[in-house]
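Values below: every heavy atom of this structure, side chains too, minus hydrogens, waters and symmetry copies. Numbers restart at 1 for each chain; the letters A, B, ... are given by sequence-line order, proteins then strands.
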Number of protein chains: 2
Amino acid sequence: MEALFQYFRKFSPLSKEAEKAIAEISSMVTIKKNNDLQPIGHTCKTIYFIKKGVARIYYFKDGIDITERFFFENSIIARVESLFTGKPSRKAIQILEDAEVVAINSNQLFKLYDDYPEIERLFRKIFESAYVETVNRIEGIQFHSAEERYNALLHEAPDVLMRVPLKYVASYLGITQVSLSRIRGHR
Amino acid sequence: MEALFQYFRKFSPLSKEAEKAIAEISSMVTIKKNNDLQPIGHTCKTIYFIKKGVARIYYFKDGIDITERFFFENSIIARVESLFTGKPSRKAIQILEDAEVVAINSNQLFKLYDDYPEIERLFRKIFESAYVETVNRIEGIQFHSAEERYNALLHEAPDVLMRVPLKYVASYLGITQVSLSRIRGHR
DNA sequence: GTAATTATTTATCTTATGATAAAGGATTGG
DNA sequence: CCAATCCTTTATCATAAGATAAATAATTAC
């Protein structure tokens, strides 16, 4: 739990009471590799913080498994397109390395926003920052060849290639596994 | 200005004082087609609301003009990767049809957050919603052929194809203008 | 209204990536 | 520790999209 509060401090300081209020609506979850932390079709009512492990958000498009994003230690995961709309998510969260996560109940969290503007501010900043990352990602996708995208990933997030099966990386890069393998062979 | 407050109401109600406070830090701007509302290299300190007209955010990648997104009436524009980080933006906002926009000073707006939690909440919701749109857009890009992306645009936002030069649409779709023309010829 | 500029289309050729199949490696469960 | 499964690579062929050039169409400025 302390790791979570330390993560929060990068965005915005919280009072002790606010930390306590968040602790009260949170719980620790341990989950093994290859399991879904949240299934497809479920409305997102939990914001997770990864203390240990690796996860991905994925979905199926025309029957093909597509990875939307990877998540590592010290990051927040949520299927925002469900969390912020209240609609069921077509995406799932899968654990790729045995994980310990903090689960924060989002409905209760949103209620805390009324009593603790500092908590609302904190999460505003967290999601603003996630929004910026997402906008930057689009820039990385538009108008780059598969090979350029692979090299960028190799350079910016070698962790992904070390800790995640390549078949998941391929769809993240928007290519087939076979193409990824071919690109990797080019050296 | 009333159009702006009406837009706000879709997200979260504001008290009269809060509306007044926002009005005080805002101004109306009229700007002609093909002009940059904000140039490349400028740190984003303004959030715009389009009352009338069309705009796009664009940047240069290896000397090529790339459109990140289009904006129409009744929407908020900001280069969030600069607004939320304080870093200069490599992107510009260009007007594509003579426009009237409301310019909200973001530094003053962020100060209002302290006195008016309702304003912080409103903009939190506005940007959460923009974040969701951006996440959904990635889904539309990953693993779709250029033709599928064109058809999706034709179906979901025919406005873009009616009101925007195709050369800007091509880079938005992540293809060359020549490819877009070829795809359009396929019927 | 006309010339000049800019936008769009069409054509040709090349190349990157998809689809499919199959072989080789690695991991996992009993 | 072995068998079964799953992951990754390699090979072949087909196709979508890039690059370039040039023709046509539309818009803009004078």
Angle between the end axes of the helix from dG1(C)-dC30(D) to dG30(C)-dC1(D), five pairs per end, to the nearest 10 degrees? 60°
Can you confirm whether Lys61(A) sits close enough to His144(B) that some side-chain heavy atom of one is under 4.5 Å from a side-chain heavy atom of the other? yes
Quiz: residues 25-35 of chain A side-chain donor-acceptor pairs under 3.5 angstrom, not counting sequence neighbours:
| residue | atom | partner | partner atom | Å |
| --- | --- | --- | --- | --- |
| Ser26(A) | OG | Ile22(A) | O | 2.7 |
| Lys32(A) | NZ | Asp98(A) | OD2 | 3.4 |

I need a per-nucleotide contact map over nucleotides 12-30 of chain C, read 5' to 3'. Cutoff is protein heavy atoms under 4.0 Å; write B for the base, S for backbone only, - otherwise. B----BBSB-------S--
In the hydrophobic clustering that connects Ile, Leu, Val, Met, Phe, Trp and Tyr at side-chain heavy-atom distances below 4.5 Å, which members other than Ile64(B) occupy its cluster, ordered by chain and number? Phe143(A), Tyr59(B), Ile66(B)
For chain B, the stretch of DNA chain D it reaches, first to last nucleotide, under 4.0 Å of its heavy atoms: dA17(D) to dT28(D)
Please tabulate, for the side chains in residues 155-162 of chain A, all donor-acceptor contacts under 3.5 angstrom to protein atoms that are two or more places apart in sequence or on a different chain.
none

Determine which pairs satisfy ring-ring contact (aromatic ring centres under 6.0 Å, His included) with at least one residue from residues 15-34 of chain A, sequence neighbours left out, and list them in order. none
Those residues that, when tested against Glu118(B), pass side-chain contact (heavy atoms from CB on, under 4.5 Å) (two or more places apart): Leu14(B), Ser15(B), Ala18(B), Tyr116(B)
What integer distance in Å separates Tyr168(B):OH from dT6(C):P? 11 Å
Under 4.5 Å between side-chain heavy atoms, chaining through other members, with only Ile, Leu, Val, Met, Phe, Trp and Tyr counted: pull out the rest of the cluster around Ile40(B), sorted by chain and number. Tyr58(B), Phe60(B)
Please name all residues satisfying side-chain contact (heavy atoms from CB on, under 4.5 Å) with Ser89(A), sequence neighbours left out, ordered by chain then number. Arg79(A), Glu81(A), Ser82(A), Lys91(A)
What residues, two or more places apart in sequence or in another chain, satisfy side-chain contact (heavy atoms from CB on, under 4.5 Å) together with Arg121(A)? Ser12(A), Arg124(A), Lys125(A), Tyr113(B), Asp114(B), Glu120(B)
Per the ring-ring contact (aromatic ring centres under 6.0 Å, His included) rule, what does the pair list look like for residues 61-104 of chain A, sequence neighbours excluded? Phe70(A)-Tyr172(A), Phe84(A)-Phe127(A)
When rounded to whole Å, the NZ to P distance for the pair Lys167(B) and dT5(C) reads 15 Å
